[in-house]
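These notes are about the structure you will find just below.
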Protein chains: 2
Amino acid sequence: MFFSIEPGGDVPIYEQIVRQVKLAVADGVLVGGQMVPSVRQLASELAINPNTIARAYQQLQTDLVLEPLRGRGMIVRRDSVSRCTKARNSLVGDAVRRVLVDALSGGMTPEDLRELFEAELRRQAELAGPNGSTK
Amino acid sequence: MFFSIEPGGDVPIYEQIVRQVKLAVADGVLVGGQMVPSVRQLASELAINPNTIARAYQQLQTDLVLEPLRGRGMIVRRDSVSRCTKARNSLVGDAVRRVLVDALSGGMTPEDLRELFEAELRRQAELAGPNGSTK
DNA sequence: GGTCGTGTACTGGTGTCATGGTACACGGGT
DNA sequence: ACCCGTGTACCATGACACCAGTACACGACC
């Protein structure tokens, strides 16, 4: 119900979990105080070894996004929203920067880039459906 | 003189070589028939093992960008320009798509993205200097 | 023909990732 | 008090990518 994982991709599984959790918090899908699925439960849902999930949660804990409650589970820290939006901004910012460097050094013009950008934006918008965000 | 490599990055060295060669061909910095630096020469320039360069050149050879001349070196295939521009387009297209997916699922609005995009575009433009391409 | 430089193949070391298994400490529920 | 579920820790294993070192085969050039 929660995440979509593609194993064998160029990004490790545990990092996919980390990123999706952070993005969900930034988006407001995960709110402060809310509990995240347990290590074993999410592991069985995604057909992944619990150790891999644990590694992702541990990373999220050191990033001050999750907080452990011994014996109960892990909850989203109430002050993690700003951190996650910040992380999201730097994430997409760096990605955009890398894309621009490659595209410009490859001879693409700013006009080409704007066109491609808008085209992909429309594509994603209509792929998400005519409605807005599904909250 | 040719390439800039950052070891320890998330992208392998040999792939950085491959991409930069393709982008240079797409941009017209490398023309068909032109020779590329030899494996050992480029390796000593970048302080990299020759085998890594060889792997990149081999990849470029299977991608029909370079052509080996036994005993002399490797040259850029004359029909590789269209292939490289195509590769560049799909490269930046995929990257833009991935960025958009992450950004939208993280709650960013299309307006946020346009703003960020234009900001980074201006940043890159002025970072490259007031003049245009340096051909 | 010999030397040089070219690309290429083979081998090995190293690090990361994912998995599996086991065990432990803690707290909530009955 | 007792079990159960929780996160956590540790070790070992297999697979895979990256990279370095070395040696080889081929062709140009003198």
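Labels below follow one simple rule: chain letters A, B, ... track the order of the sequence lines, proteins then strands, and each chain is numbered from 1.
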Seminar exercise, completed: Going by chain and number, the hydrophobic cluster around B/Val31 (ILVMFWY, side chain to side chain under 4.5 Å) further includes none
For this session: Rounded off to whole Å, could you give me the CD1-to-C1' distance for the A/Ile53 and D/dA9 pair?
Result: 17 Å
For this session: Could you list where the contact with chain A starts and ends along DNA chain C, reading 5' to 3', using a 4.0 Å heavy-atom cut-off?
Result: C/dC17 to C/dG28
Exercise. Nearest-Å distance, CD (A/Gln59) to P (D/dT8)?
Worked result: 13 Å
Exercise. By salt bridge (Lys or Arg N to Asp or Glu O under 4.0 Å), which residues pair with A/Asp79, not counting sequence neighbours?
Worked result: A/Arg77, A/Arg83
Exercise. Using a heavy-atom distance cut-off of less than 4.0 Å, which residues of residues 61-70 of chain A contact DNA chain C?
Worked result: A/Arg70
For this session: Would you mind telling me which residue lines up with the more 5' stretch of DNA chain D, B/Pro7 or A/Asn51, judged by nearest nucleotide?
Result: A/Asn51
Exercise. Does atom CZ of B/Arg114 have more than 12 heavy-atom neighbours, drawn from other residues, nucleotides or ligands, at distances under 6.0 Å?
Worked result: yes
Exercise. Quantified as the angle between the terminal helix axes (five pairs each), what is the overall bend of the helix from C/dG1-D/dC30 to C/dT30-D/dA1 to 10 degrees?
Worked result: 10°
Exercise. If you check every side-chain atom of B/Ile13, which of D/dA20, D/dC19, D/dT6 has the closest atom?
Worked result: D/dC19
Exercise. What's the CZ-C1' distance between A/Arg40 and D/dA9, to the nearest Å?
Worked result: 12 Å
Donor-acceptor pairs are to be reported for all side-chain atoms of residues 11-23 of chain B against protein atoms at under 3.5 Å, with residues two or more places apart or in another chain.
residue, atom, partner, partner atom, Å
B/Gln16, OE1, B/Glu6, N, 3.2
B/Gln16, NE2, B/Glu6, O, 3.0
B/Gln16, NE2, B/Val11, O, 3.1
B/Arg19, NH2, A/Asp102, OD1, 3.4
B/Arg19, NH2, A/Asp102, OD2, 2.7
B/Gln20, OE1, B/Ser4, N, 3.3
B/Gln20, NE2, B/Ser4, O, 2.7
B/Lys22, NZ, B/Asp63, OD2, 2.9

